Amino acid sequence: MKKWPLKENLLFALTSSSLFRQTKLSNFHTKAYHCIQQLRNCNDFISATLAHSNVLKCGFLNDTFATNHLINCYVRLQEIQDAHQVFDEMPEPNVVSWTSLMAGYVDVGQPKMALRLFWKMPGSSVMPNDFSLATVINACSILADVKVGRRIHAQVEILGFRSNLVVCSSLVDMYGKCNEVDEARRVFDIMDSRNVVSWTSMITAYAQNAQGHNALQIFREFSSLMLGRPNHFMLASVINACASLGRLVSGKVTHGAVIRRGHDSNDVVASALVDMYAKCGSVSYSENVFMRIPNPSVISYTSMIVGAAKYGLGKLSLNLFKEMIDRRIKPNDVTFVGVLHACSHSGLIDEGLEHLKSMYVKHGVLPDAKHYTCVVDMLGRTGRLDKAYQLAKSIQVESDEGALLWGTLLSASRLHGRVDIAVEASKLLIESNQQVAGAYVTLSNAYALAGEWENVHSLRTQMKRTGIYKEPGCSWVEIKDSTYVFYAGDVASCPQGREVMSLLRELEERMKERGYVGGSMGLVFVDVEQEAKEEIVGLHSERLALAFGLINIPKGVTIRVMKNLRMCRDCHEAFKLISDIVERDFVVRDVNRFHHFRNGSCTCRDFW
């Protein structure tokens, strides 16, 4: 037998060993690759279980990289308990393992579990990265827990992530959702660089916190800097800002941007547009947008139902609801608020009570304080005050919900002259420490309508002693890209004040020729003398806004007035007469609903 020289023997041995190792390594990588691909392709729990079994057979459960893919697979399928079990069995979970599991808990609606995991991380010697921090900040956003959010913000500073784009964008969003918009702005201002997400978070923070003007200003700044194309989330937030302000012109401009960017078929954007046009008093535009949505979701339907309800189109709201059910789209709690609101504002009592009964029985939606408040409103508007009062007393509510409930009952009792219920409702409203000024004013009006002047003066004295003042009436109109604001009784700051007053005097004379008696049905404000009432009612903010609109808006164009308070009966009667006198359409959005005046009548049919 031929013997190989020592050199050749050694070379052969080395070569054979290297080939063996390479082959073994290649087989390992091939198996790992196939396992990971299998995990990525799983689309149900059974396929995930089979892939998990394969990972186990191939001996990869101790491999952190492969196991992280297994956790992600379960997280993607929202099988969070299985994901957590795999995590617990890992010998050395890394930052990806922790972050994946935290994100999984956020996705399945358990943000508190994500926070618990985050606080355990330091004990395992694993430091969070930017994605870990962004995930737990998102958990705080969902919980609206600013206290914990600030603790995590402190960790961001300590760990050196204060300039990180992902983390800071999440902080802006979190502070916005916790109603701490100034803190959101501080984080936004110190960011070294910003992307579309950062700008969207800041715009959304303003839009969600009743600072629509600032939201539009930020959007203009983003557009002027040409930092990129706005995405559908940004455009939806801008549209929501326009809706809150009643800025129809700005809303139409944004709608144009939506169409140019190809986002008009996006459900979120389309739903925002439906809501915006409805809140700006253009329910026909809302219908047009809604009809063009290929497959409207529950959000789109709900936006249209609520919009029609606010406009007094109760039958349209109910028809939309029926269509939605026929298409097997499951309604949510907000949908039913819209349906009950529609019944309330259209006097459809029997239909409203039927829908309340069907909520849980037919649709599995449990009625809560919001729904019962709608029913109290429904009963109160039709004069069934005793039933409304008994229902209100039986409802368990939080303080903010209680303010809405008792405020609703107080308005209804004032409307129907039930001073006894008005007194009780106002006391409970004042106890809730919300809408206190409104409670005093409404109660004083109830006393005045009942002729109880001693109580009116007593309330007036009490308000002055405790430093409570009525919110001033404010209305505004939008002409082109400018907004003009008017305050009750403030002629000095009124644009074109002389022309406005001249037109109002002329209209007053023409209304009196038709039998109008000014000041006879309006609210009696506790901070003015009775003899000044007619003059004050004549200078309500919506009248100043209307006169300005008549002077500056061409005939044929609907005049749209937005108001921060409920429209009084005197102004409502005056607007009906003026619409007939000048042959113009007016739309007024007050704090409760829309009024569309045309040819001497209103769409609310004097029911609001």
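Small disclaimer: the values here were computed from a predicted structure and weren't measured.
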What closest approach, in Å, do A144 and K177 show between heavy atoms, and which atom pair accounts for it?
->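 That would be CB-O, 4.0 Å.
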Would you check if [X] and [Y] make a side-chain contact, meaning some heavy-atom pair closer than 4.5 Å?
X    : Y    : result
F486 : V477 : yes
M324 : P296 : no
S237 : Y206 : no
C571 : R543 : yes
V75  : V108 : no
L313 : F594 : no
N240 : S244 : no
C242 : S250 : yes

Does the [X] side chain pair with the main chain of [Y], one donor and one acceptor, at a distance under 3.5 Å?
X    : Y    : value
S411 : G407 : yes
T135 : T99  : no
H371 : D333 : yes
S475 : K563 : no
R229 : R261 : no

Not counting sequence neighbours, which residues clear side chain to side chain donor-acceptor pair (under 3.5 Å) with [X]? List them please.
X    : result
S297 : D267
S100 : N72
S493 : D490
N129 : S132

At what distance, to the nearest 0.5 angstrom, does [atom1] of [X] lie from [atom2] of [Y]?
X    : Y    : atom1 : atom2 : result
S541 : M562 : OG    : CE    : 13.0 Å
L248 : M276 : CG    : CE    : 6.5 Å
L159 : M127 : CG    : CE    : 4.5 Å
I158 : I152 : CD1   : CD1   : 12.0 Å

Looking at residues at least two apart in the chain, or sitting in another chain, which of them share a salt bridge (charged side-chain N to carboxylate O under 4.0 Å, His left out) with R247?
-> E478
Partner set under salt bridge (charged side-chain N to carboxylate O under 4.0 Å, His left out) for D107, not counting sequence neighbours | none
Neighbour count above 12 (heavy atom, 6.0 Å) for [X] [atom1]:
X    : atom1 : value
F575 : CZ    : yes
R327 : CZ    : yes
R292 : CZ    : no

Please, which pairs that meet side-chain hydrogen bond (donor to acceptor under 3.5 Å, both in side chains) have at least one residue in residues 113-122, sequence neighbours excluded?
->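 Every pair satisfying side-chain hydrogen bond (donor to acceptor under 3.5 Å, both in side chains) with a residue in residues 113-122: there are none.
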Where at least one partner belongs to residues 271-281, residue pairs that pass side-chain hydrogen bond (donor to acceptor under 3.5 Å, both in side chains), sequence neighbours excluded = H255-Y277, S271-S300, D275-K279
Write out all pairs satisfying ring pair (Phe, Tyr, Trp, His ring centres under 6.0 Å) with one or both partners inside residues 142-161, taking only residues at least two apart or from two chains.
->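 Only H153-Y175 qualify under ring pair (Phe, Tyr, Trp, His ring centres under 6.0 Å).
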D192 and S163: CA distance, side-chain angles, deciding distance, side-chain hydrogen bond (donor to acceptor under 3.5 Å, both in side chains) verdict = CA-CA 6 Å; D192 293 332; S163 299; 3.1 Å; yes
Given the side-chain rings of [X] and [Y], with only the six-membered ring counted for Trp, is the space between their centroids under 6.0 Å?
X    : Y    : result
F586 : H595 : no
Y301 : F290 : yes
F188 : W199 : yes

Go through the steps to decide whether S317 and F321 satisfy the test side-chain contact (heavy atoms from CB on, under 4.5 Å), and finish with yes or no.
-> CA-CA 6 Å; S317 290; F321 180 72; over 6 Å; no
Qualifying residues under side chain to side chain contact (heavy atoms under 4.5 Å, CB included), relative to I553, sequence neighbours excluded | I479, V557, I559, R584
Identify, with sequence neighbours excluded, every residue that meets side chain to side chain contact (heavy atoms under 4.5 Å, CB included) alongside N231.
->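 Only V196, T200, F233, M234 meet the side chain to side chain contact (heavy atoms under 4.5 Å, CB included) criterion with N231.
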Judged by modelled atom types alone, do [X] and [Y] share a side-chain donor-acceptor pair under 3.5 Å?
X    : Y    : value
S198 : N195 : yes
H596 : D585 : yes
N332 : T335 : yes

With T302, which of I299, I305, V298 fulfils side chain to side chain contact (heavy atoms under 4.5 Å, CB included)?
->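 The residue from I299, I305, V298 that satisfies side chain to side chain contact (heavy atoms under 4.5 Å, CB included) with T302 turns out to be V298.
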Of the options V136, L115, L143, I137, which is the one that meets V148 in a side chain to side chain contact (heavy atoms under 4.5 Å, CB included)?
->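 For V148, the side chain to side chain contact (heavy atoms under 4.5 Å, CB included) check succeeds only for L115.
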Under 30°, 30 to 60°, or over 60°: which ring-plane class applies to F548 and Y484, parallel, tilted or perpendicular?
->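 Answer is tilted, since the angle falls between 30° and 60°.
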Should the pair D189-R185 be classified as a salt bridge under the 4.0 Å nitrogen-to-oxygen rule?
->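 The answer is yes: the pair qualifies as a salt bridge.
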So the salt bridge (charged side-chain N to carboxylate O under 4.0 Å, His left out) pairs with at least one residue in residues 144-158 (sequence neighbours excluded) are R150-E180, R150-E183, E157-R162
Could you walk me through whether L235 and N266 pass the side-chain contact (heavy atoms from CB on, under 4.5 Å) test, one step at a time?
-> CA-CA 11 Å; L235 291 168; N266 180 274; over 6 Å; no
